[in-house]
Amino acid sequence: MVVDIRTWEQTFQELIQEAKPWAKWTLKLDGNLQQDCLAHGWKQYQQRAFGWFRCSSCQRSWASAQVQILCHTSWEHWTSQGQVRMRLFGQRCQKCSWSQYEMPEFSSDSTMRILSNLVQHILKKYYANGTRKSPEMPVILEVSLEGPHDTANCEACTLGICGQGLKSHMTKPSKSLLSHLKTGNSSPGIGAVYISNQGKNPSAETKEAKGRGYEELGPSRDPDPLNICVFILLLVFIIVKCFTSE
């Protein structure tokens, strides 16, 4: 089950030559491949597979259906020669605190699926004319798996290559908040209170502002009767003074 690159390359060449007998391709492992970092004329292909891991510290073994495989491919038309550089991404043991990334192992069936998908990609990208298109072979679980993908211990996830790792970092609104929004309840927190204030119409807010303004000015007061009498007497005195002066 351990990856034997010589066996992989031999099987890979046999699959290529079944479709293109004159084609010459080589397959090499490259642990330094980076996603989207391609030399001129190279193409990228990525797939996932079912594989096994064994911790070198505690000897614990586990299976995963999210083993990421990154390939860079190049082909020279005039010489009919091609190259494939492949990187296999590892996983760490959940039980060991200082565990290293362990390299995956594959069964013969899983190996054939990986190489067949790679060959189909090459035939599609470099020999499109006259080639019958075949769908990619799906991942087949060799054992039942429990629980979600362990993104914290997946090398591809830490590098942002594994799609499962990207999904795990997406947050969803809590059910409690959604339920409160549907019922219009503003008691859970600031967000709900903010939404309820947004729902008010401008006229209601204007009325509230006016009400607050009246409250700040204080209650209105009725005119004092004594002041009115003084004013009237003063007015009569002025009028009488004017007539007597004439």
Side-chain angles (χ1 to χ4, degrees), residues 1-16 23-76 81-122 125-126 136-137 139 142 145 149-169:
M1 294 178 66
V2 178
V3 175
D4 182 355
I5 189 59
R6 293 183 179 179
T7 303
W8 278 48
E9 184 173 16
Q10 181 180 354
T11 304
F12 168 70
Q13 290 176 352
E14 291 174 355
L15 293 174
I16 281 284
K24 297 180 180 179
W25 283 79
T26 59
L27 173 64
K28 303 295 181 182
L29 291 180
D30 187 348
N32 296 320
L33 284 188
Q34 300 294 327
Q35 188 181 46
D36 299 328
C37 294
L38 300 169
H40 179 70
W42 287 70
K43 299 182 184 298
Q44 181 172 280
Y45 173 64
Q46 184 175 341
Q47 63 172 309
R48 66 183 180 91
F50 187 96
W52 295 84
F53 297 88
R54 180 179 295 277
C55 179
S56 56
S57 298
C58 68
Q59 303 304 313
R60 171 180 172 268
S61 62
W62 67 93
S64 174
Q66 300 293 337
V67 181
Q68 297 296 322
I69 302 172
L70 179 66
C71 296
H72 290 179
T73 60
S74 176
W75 180 62
E76 294 182 3
Q81 294 183 349
Q83 303 177 58
V84 177
R85 297 177 182 175
M86 176 184 291
R87 179 177 179 179
L88 308 175
F89 291 89
Q91 294 184 14
R92 291 182 301 200
C93 178
Q94 293 179 338
K95 306 299 182 181
C96 297
S97 301
W98 303 100
S99 60
Q100 63 182 9
Y101 286 115
E102 306 293 348
M103 287 296 98
E105 302 175 356
F106 303 95
S107 65
S108 57
D109 291 340
S110 187
T111 299
M112 184 59 68
R113 173 199 168 278
I114 294 169
L115 296 177
S116 296
N117 286 337
L118 174 60
V119 168
Q120 288 300 322
H121 168 77
I122 291 173
K125 293 297 182 181
Y126 301 105
E136 187 175 88
M137 299 174 63
V139 176
E142 298 177 5
L145 301 177
H149 177 49
D150 184 10
T151 58
N153 291 303
C154 173
E155 182 182 18
C157 287
T158 59
L159 297 175
I161 296 176
C162 181
Q164 293 294 318
L166 296 176
K167 292 178 182 178
S168 68
H169 288 88

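In this text the structure is predicted, and so the values were computed from the model without any measurement.
Side chain of Arg54 to backbone of Gln59: a donor-acceptor contact under 3.5 angstrom is found. At distances below 3.5 Å, at least one donor-acceptor pair connects side-chain atoms of Arg113 with backbone N or O atoms of Met137. Side-chain N or O atoms of Arg48 include one that pairs as donor or acceptor with a backbone N or O of Ala65 at under 3.5 Å.
If you take CZ on Arg60 and CD on Glu102, they are separated by 11.0 Å, rounding to the nearest 0.5 Å. Remark: Tyr45 OH to Ile122 CD1 distance equals 9.5 Å, nearest 0.5 Å. Of the inter-residue distances, the one linking Gln10 atom CD with Ile5 atom CD1 reads 12.0 Å to the nearest 0.5 angstrom. Between the CE atom of Met112 and the CD1 atom of Ile114 there is a distance of 11.0 Å, given to the nearest 0.5 Å. Rounded to the nearest 0.5 angstrom, Gln81 CD and Trp75 CH2 are separated by 11.0 Å. Between the CD1 atom of Ile161 and the CD1 atom of Ile69 there is a distance of 12.5 Å, given to the nearest 0.5 Å.
You'll find the side chain of His149 reaches within 4.5 Å of the side chain of Cys157, heavy atoms only. Side-chain contact between Gln68 and Gln47 is absent, with no heavy-atom pair separated by less than 4.5 Å. With a 4.5 Å cut-off on side-chain heavy atoms, Leu115 and Leu27 count as touching.
Contact record, Cys71 with Leu118: SG-CD1, 4.1 Å, taken as the closest heavy-atom pair. Heavy atoms only, all atoms of each residue included: Val84 and Phe12 are closest at CG2-CZ, 3.7 Å. Annotation for Ala63 and Phe50: closest pair CB-CZ, 3.6 Å, computed over non-hydrogen atoms. Taking each heavy atom of Trp25 and Ile16 in turn, the nearest pair found is CD1-CG2, 3.8 Å.
Of the charged side-chain nitrogens involved, at least one lies within less than 4.0 Å of a carboxylate oxygen, so that Glu155 and Arg87 count as a salt-bridged pair.
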(request) Kindly indicate, with the supporting measurements, whether the criterion side-chain contact (heavy atoms from CB on, under 4.5 Å) is fulfilled by Trp8 and Phe106. (result) CA-CA 11 Å; Trp8 278 48; Phe106 303 95; 3.7 Å; yes
(request) Take Ser110 and Glu142, measure what side-chain hydrogen bond (donor to acceptor under 3.5 Å, both in side chains) needs, and give me the verdict at the end. (result) CA-CA 9 Å; Ser110 187; Glu142 298 177 5; 4.5 Å; no
Donor-acceptor pairs under 3.5 angstrom involving side-chain atoms of residues 31-41: please list them, not counting sequence neighbours.
residue	atom	partner	partner atom	Å
Gln35	NE2	Gln46	OE1	3.0
Asp36	OD1	Gln44	NE2	3.1

Please tabulate, for side-chain N and O atoms in residues 88-100, each donor-acceptor pair with protein atoms closer than 3.5 Å (sequence neighbours left out).
residue	atom	partner	partner atom	Å
Gln91	OE1	Trp62	NE1	3.1
Gln91	NE2	Ser64	OG	3.0
Arg92	NH2	Ala152	O	3.0
Gln94	NE2	Asp150	OD2	2.9
Ser99	OG	Cys93	N	3.4
Ser99	OG	Cys93	O	3.3
Ser99	OG	Cys96	O	3.4
Gln100	NE2	Ser56	OG	3.2

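Between Gln83 and Thr73, the side chains place no donor N or O within less than 3.5 Å of an acceptor N or O (distance only, hydrogens not considered).
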